[in-house]
Structures are given as structure tokens and as C-alpha cells.
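Please read the structure below before turning to the comments.
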Amino acid sequence: MAETADEIYARVQAEGDLPAPSVTEWDIFPWVVRDGAIAPKPLAPPAPEEPRIGEDGVDCKLCGEDLPGVIWRDESWRVKHLKQSGLPLVLSLEPVEHYDLPDLDEHQAAELGILTVRLARIIESLPNIGRCHSMRIGDGAEHLHMWFLARTAGLPSVRGSFSPDWDDILPPGPEEIWRADLAEVARKLATHGGEALV
Ligand SMILES: [Zn+2]
């Protein structure tokens, strides 16, 4: 059971001012402080597309059997977590084989749709979760990885498209609660097939 909005608020209040997350140092971070106010960075000039990590499956970090953080898998797909972060749950849904989103055939696309709906439904049924955002960006690694970000119910700051930023800003909550939620998602996903691994 994820923390309530009140529990998170009390925990974060006790920490005082939160430090700026590392995304503020990324070159794609779009904001600067100019004359004491937040302003957009100048648009960078056109440049060739940089190769993504694991192009054509070469040195791909998402190919392989023994990846850390896998909580569920079947013969074609897996769900994994990354390092615990500020939002209650952040999961990645990935094909086991090396495919990008446009590479999927109709059957794989149908599987992706079904798993996306199941994951969203399971995550949104957890106590104290207000929404599960799902998205594919894919500018970093070529191997398809769909993100599922659970945000807390009743905590207005973390709503909407800035929830990934809050995932970096907020300090992680109790690890045992996070692990219990991971296990619950894996268990419920496995009731439809595949294998829970936590
Ligand atoms: Zn790959």
C-alpha cells in the first residue's frame, strides 16, 4: 500500500527545501534563470541525430536474460523497476527481444496494448494511487521501453505532465512499502499469465 498524500507531505515537510534534481543539469533541460526569472533556453541550432543506445541491438543494455529489477515476465515481455525514486512506482514494460515501437507486428502490438491496459488498471487499483501515466519517449535507448508512472492521489503538485520531474524531486519513501507494491503489481499481472519474480 503506497503512502498517503498526508504521509508524503509530512515526510517531505520534515526535509525542508528540496535540492534541485540532476535533470536541471541535462543539456535538454529547457529552462534557465534569466534576470531573476525562469525563462526558456535559446533553441539550439539543428544538428545530426545522435545514435541511440543499443542501435540495431549492438551493445544494447536492454537485451539479455539477467537484467536487474525484473518483477514479471512471460516469453515475450517483461516489467521491471529502476532505482526507487520519488513517485510511488515507476515501471518499464519492454519486449524481451530487441524491438523498437514501430518494429512491432500486429500480434506484438496487440500484446503491448493488452499489457498496457492491465498495468494501468492494476497500478491505479493500488491504495493511494491517483493515476498511472504511461508513455514511450525512446530518444535514449532504441530497445522499446514503455514507462508507467504512478502518482499519489490527493497530492496536487504531482499531477499531469510534470510528474516525471516530481519523480526526481521528491525523496523516495519507505523501501518496504515500495517493495510491497512491486510484489502486488507482479502478483496481479501473473494472474493473467507469465511469472511474478518478486
Ligand atoms: Zn535490445
Side-chain angles (χ1 to χ4, degrees), residues 21-23 25-30 44 46-124 131-151 161-168 172 175 178-179 181-198:
S22 60
V23 292
E25 294 162 15
W26 294 11
D27 62 349
I28 55 171
F29 186 72
E49 289 280 330
E50 291 182 14
R52 295 181 293 172
I53 296 168
E55 291 246 329
D56 301 321
V58 178
D59 295 330
C60 177
K61 292 178 168 45
L62 301 184
C63 281
E65 278 298 310
D66 295 321
L67 297 182
V70 177
I71 67 167
W72 172 93
R73 72 173 170 216
D74 67 10
E75 62 276 11
S76 305
W77 298 88
R78 67 173 164 250
V79 175
K80 75 177 199 216
H81 68 76
L82 283 81
K83 190 164 75 98
Q84 191 190 2
S85 48
L87 292 179
L89 278 182
V90 176
L91 299 174
S92 173
L93 170 64
E94 304 162 1
V96 172
E97 302 287 326
H98 188 91
Y99 294 104
D100 195 359
L101 185 61
D103 302 332
L104 301 181
D105 64 24
E106 299 288 293
H107 175 72
Q108 292 166 316
E111 288 181 330
L112 174 63
I114 290 168
L115 284 168
T116 296
V117 172
R118 281 181 191 156
L119 265 172
R121 184 186 296 136
I122 290 167
I123 292 169
E124 291 195 3
R131 198 84 57 217
C132 173
H133 303 302
S134 56
M135 61 185 177
R136 174 262 191 176
I137 296 179
D139 279 340
E142 182 179 81
H143 192 130
L144 172 61
H145 48 293
M146 284 277 299
W147 292 107
F148 293 80
L149 287 80
R151 66 122 175 118
S161 56
F162 286 102
S163 51
D165 295 67
W166 283 102
D167 185 48
D168 291 323
E175 184 179 344
W178 176 65
R179 294 205 176 275
D181 284 336
L182 290 172
E184 181 71 355
V185 171
R187 185 188 69 76
K188 287 185 169 171
L189 209 47
T191 63
H192 299 279
E195 182 185 8
L197 300 171
V198 288

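Heavy atoms only: backbone and side chains are in, while hydrogens, waters and symmetry mates are out. Every number for a ligand or one of its atoms is a count from 1 in the order of the listing. Each residue takes its place number in the sequence, starting with 1.
In this structure, Arg136 contributes its side chain and Leu144 its backbone to no donor-acceptor pair below 3.5 Å. With Trp72 contributing its side chain and Val198 its backbone, the two residues share no donor-acceptor pair below 3.5 Å.
Between Asp139 and Arg52, the shortest heavy-atom distance links the atoms O-CG, 3.5 Å. Here the closest heavy-atom approach between residue Pro88 and residue Trp178 is recorded as O-CD1, 3.3 Å.
Among protein atoms, those of element N, O or S found less than 2.8 Å away from the Zn ion (ligand 1) are Cys60 SG, Cys63 SG, His98 ND1, His143 ND1.
For the side-chain contact (heavy atoms from CB on, under 4.5 Å) criterion with Cys132, the lone passing option out of Glu124, Arg121, Arg151 is Glu124.
By the neighbour-count criterion of 12 heavy atoms within 6.0 Å, atom CD of Glu55 is densely surrounded, having more than that number from other residues, nucleotides or ligands.
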